[in-house]
Amino acid sequence: MSVLKKNSARQRDQERARLIWLLTTDKAVTSSLLGKLTLAEQYDVGTLADDIAEVGALVAHLPPPDLADTLEALPSEERHALWRLVQDHERGQVLLEASENVWDDLIDEMSDRDILDALQTLDIDEQIYLVQHLPRNLTGRLLASLPADERARVRQVMHYEKNSVGAIMEFGVITVRPDVTLGTVQRYLRRLGRMPDNTDKLFVTSRDKTLLGELELKTILLNSTQRKVSEVMENEPMVFSPEDDAEKAARTFERDDLVSAAVVDSVGKLMGRLTIDEIVDVVYEETDNDLRALGGISAEDDVHASVGKAVKTRWAWLAINLCTAFIASRVIDGFEHTISQLVALASLMPIVAGIGGNTGNQTITMIVRALALENIQPGNFAFLIFREMGVALINGLVWGGIMGGITWWLYDDMALGGVMMLAMVLNLLVASMMGVIIPLVMTKLGRDPAVGSSVMITAITDTGGFFIFLGLATIFLL
């Protein structure tokens with residue numbers, strides 16, 4: 001059988017989809033795996049046995065990252081059924097790849113000893129990461145199971161902030177001395193027999209572990225074995241401090257196309273390394289958090305979470321939204337006389353508010369992205385505001401003119417069409433200005449600019465849109 005058929009991306013996607021389908025569409029399979037099969041769920045015994053056997057075969061064939069993705073896509077009961085089929089030596093890797101929402105589900109039926117046993121197959125830095133993030137506090141028991149030298153290293157790492165380089169760095173590094181030849185390095189690598197994942201370079205250190213440079217694998221292969229490491233190594237490698245922000249490190253990896261980089265302490269001694277797989281996780285997690293935050297959704301909210309948990313993670317922003325909607329309703333109530341005189345205003349109000357909300361969300365999305373990429377500096381705040389207001393003015397004149405013409409045609413009232421156009425222009429200007437100001441102010445206050453920005457801009461454009469439109473109608477139409 002060709003490699004394409006044995007382990008292609010398409011085949012793995014199909015197997016993952018088939019596994020999800022079997023577990024979610026056939027409750028008898030899930031119940032049987034959980035030991036809860038009832039008489040009502042029993043059907044052809046042979047068919048059920050075949051389905052269970054197929055589920056087992058798929059679980060055995062899929063690698064841990066695919067099993068983690070499958071767990072993410074399953075409701076709670078099906079997750080537990082699948083978890084029982086995951087082999088013990090793969091459980092740690094599956095937990096490492098899964099999200100916190102999956103952890104909450106899976107470890108409910110695992111003892112502390114079971115969890116620590118699952119972690120034994122992982123590298124020490126991966127064990128530290130999981131122990132720090134799992135809902136259950138197992139730090140003390142993990143430390144007790146480690147040798148003294150590793151125990152000291154673990155305590156050091158646990159002092160770093162969650163989103164720092166020190167919290168995600170790996171300890172698995174290969175070091176060489178500057179005075180040896182490349183031939184010696186090659187023999188040393190062959191004697192080791194294996195290299196840590198994502199190894200594209202070796203680190204050149206002195207005897208006291210001070211980093212002197214880095215030696216890429218391609219340099220070892222393409223140069224004469226008689227040349228010394230000091231002659232061909234990179235003398236000024238990119239390095240990170242354990243206190244550095246992980247997101248900023250991710251941007252450096254992207255700019256410099258790095259696969260791995262050294263992490264050094266304040267005096268230049270090598271502590272570990274940062275690799276592309278941790279960076280990808282940082283980028284994915286931050287993107288996911290920003291998408292949730294823009295809509296006012298908690299990071300703990302899960303599509304398969306219970307109704308009670310979903311309610312608790314969403315109520316805060318819904319409460320804020322309710323308050324802002326109430327304010328908007330009070331604005332409308334203040335123009336009750338105007339609306340009673342011109343009933344057409346009631347059908348046109350949502351258009352003004354909706355177009356403003358859309359413009360504001362577009363502006364906020366762009367500004368939040370630019371802030372994340374550090375493309376905005378204090379000196380260009382005014383430029384950004386005037387630029388966005390210029391865009392809003394043109395869009396307002398074009399689309400406001402179109403909507404004003406349609407209003408004139410529908411209601412045979414040129415003045416109403418003019419008010420419609422002017423209201424759209426003004427609300428788009430307000431939306432664009434606030435779309436820049438809101439994330440900048442939140443950043444200035446030390447808050448995440450993505451958190452709830454969408455909810456805030458919608459509240460402003462709704463209230464402002466109603467006030468502008470009804471106010472103009474009161475002035476010019478009555």
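Basis for what follows: all heavy atoms, side chains included, without hydrogens, waters or symmetry-related copies. Small disclaimer: the values here were computed from a predicted structure and weren't measured.
- Under a 3.5 Å cut-off, the side chain of Thr30 and the backbone N or O of Leu23 do form a donor-acceptor pair.
- Looking at Ser32, its side chain never comes within 3.5 Å of a backbone N or O of Ala28 through a donor-acceptor pair.
- Between the side chain of Arg12 and the backbone N or O of Leu62, no donor-acceptor pair lies under 3.5 Å.
- Listed for the Asp245 side chain is a donor-acceptor partner under 3.5 Å among the backbone atoms of Glu247.
- Of the options Thr205, Asp208, Val264, a side chain to side chain contact (heavy atoms under 4.5 Å, CB included) to Lys269 is made by Asp208 and by none of the others.
- Considering every non-hydrogen atom in both Leu106 and His80, the closest pair reads CA-CE1, 4.2 Å.
- Within 6.0 Å of CZ in Arg113 there are more than 12 heavy atoms belonging to other residues, nucleotides or ligands.
- Checking side-chain atoms of Arg91 against main-chain N and O of Trp83 turns up a donor-acceptor pair under 3.5 Å.
- Looking at heavy atoms from C-beta onward, Thr324 lies out of side-chain contact with Asp462 at the 4.5 angstrom threshold.
- Atoms CG and CE, on Leu429 and Met434 in that order, are 13.0 Å from each other to the nearest 0.5 Å.
- Every pair passing side-chain hydrogen bond (donor to acceptor under 3.5 Å, both in side chains) that includes a residue from residues 178-193 is listed here, sequence neighbours excluded: Thr181-Thr184, Thr184-Arg187.
- Side-chain atoms of Thr219 never come within 3.5 Å of backbone atoms of Leu215 as a donor-acceptor pair (strictly under, hydrogens ignored).
- Side-chain atoms of Glu216 and Glu234, non-hydrogen and from C-beta on, never get closer than 4.5 Å to each other.
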>> Show, in sequence, the C-alpha distance, side-chain angles and deciding distance for Thr359 and Asn395, and conclude whether the side-chain contact (heavy atoms from CB on, under 4.5 Å) test is met.
In response: CA-CA 9 Å; Thr359 297; Asn395 282 331; 5.8 Å; no
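- In this structure, Ala431 and Thr461 approach most closely via the heavy-atom pair CB-CG2, 3.5 Å.
- In this structure, the separation between CD1 on Ile457 and CG on Asn361 is 7.0 Å, given to the nearest 0.5 Å.
- The shortest distance between side-chain heavy atoms of Val29 and Leu22 does not fall below 4.5 Å.
- Note: Met442 CE to Ile438 CD1 = 8.5 Å, rounded to the nearest 0.5 Å.
- Separating the CD atom in Gln226 from the CD atom in Glu231 is a distance of 10.5 Å, to the nearest 0.5 Å.
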>> Evaluate Ser241 against Glu243 for side chain to side chain donor-acceptor pair (under 3.5 Å), listing each step before the verdict.
In response: CA-CA 5 Å; Ser241 165; Glu243 292 83 13; 2.5 Å; yes
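- In the displayed structure, Asp197 atom CG is contacted under 6.0 Å by at most 12 heavy atoms of other residues, nucleotides or ligands.
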>> Could you walk me through whether Glu278 and Thr275 satisfy the side chain to side chain donor-acceptor pair (under 3.5 Å) test, starting with their C-alpha distance in whole Å, then the side-chain angles of each, then the deciding distance to 0.1 Å, before giving a yes or no?
In response: CA-CA 6 Å; Glu278 280 91 17; Thr275 63; 2.2 Å; yes
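- Residues Leu202 and Val229 fail the side-chain proximity criterion, which asks for heavy atoms closer than 4.5 Å.
- In this structure, the side chain of Glu72 engages the main chain of Ser99 through a donor-acceptor pair within 3.5 Å.
- Listed for the Glu254 side chain is no donor-acceptor partner under 3.5 Å among the backbone atoms of Ala250.
- Side-chain contact between Leu82 and Glu78 is absent, with no heavy-atom pair separated by less than 4.5 Å.
- Heavy atoms only, all atoms of each residue included: Pro178 and Leu212 are closest at CG-CD1, 3.7 Å.
- Evaluated for a side chain to side chain contact (heavy atoms under 4.5 Å, CB included) with Gln14, the options Arg18, Arg10, Arg16 yield exactly one hit, Arg10.
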>> Run Leu189 and Met195 through side-chain contact (heavy atoms from CB on, under 4.5 Å) and show every step you take.
In response: CA-CA 8 Å; Leu189 293 177; Met195 289 189 292; 4.3 Å; yes
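- Within the 4.5 Å cutoff, side-chain heavy atoms of Pro196 are placed close to those of Ile174.
- With hydrogens and angles ignored, the 3.5 Å screen pairs no side-chain donor or acceptor of Thr463 with any backbone N or O of Ile460.
- For Arg273 against Asn198, the heavy-atom pair with the smallest separation is NH1-O, 3.1 Å.
- Distance check: Ile437 CD1 to Glu388 CD gives 12.0 Å after rounding to the nearest 0.5 Å.
- Note that OG1 of Thr24 and CD of Glu77 are 12.5 Å apart. Values are rounded to the nearest 0.5 Å.
- Nearest heavy-atom pair across Thr363 and Gly435 is CG2-C, 3.7 Å.
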>> Working note: Gln362 + Val391, criterion side-chain contact (heavy atoms from CB on, under 4.5 Å); need CA distance, chi angles, decisive distance, verdict.
In response: CA-CA 11 Å; Gln362 288 177 340; Val391 173; over 6 Å; no
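- By the 4.5 Å heavy-atom criterion applied to side chains, Ile364 and Pro439 are counted as neighbours.
- Contact detail for Ala249 and Leu274: the closest heavy-atom pair is CB-CD2, 3.9 Å.
- With a 4.5 Å cut-off on side-chain heavy atoms, Thr252 and Phe240 count as touching.
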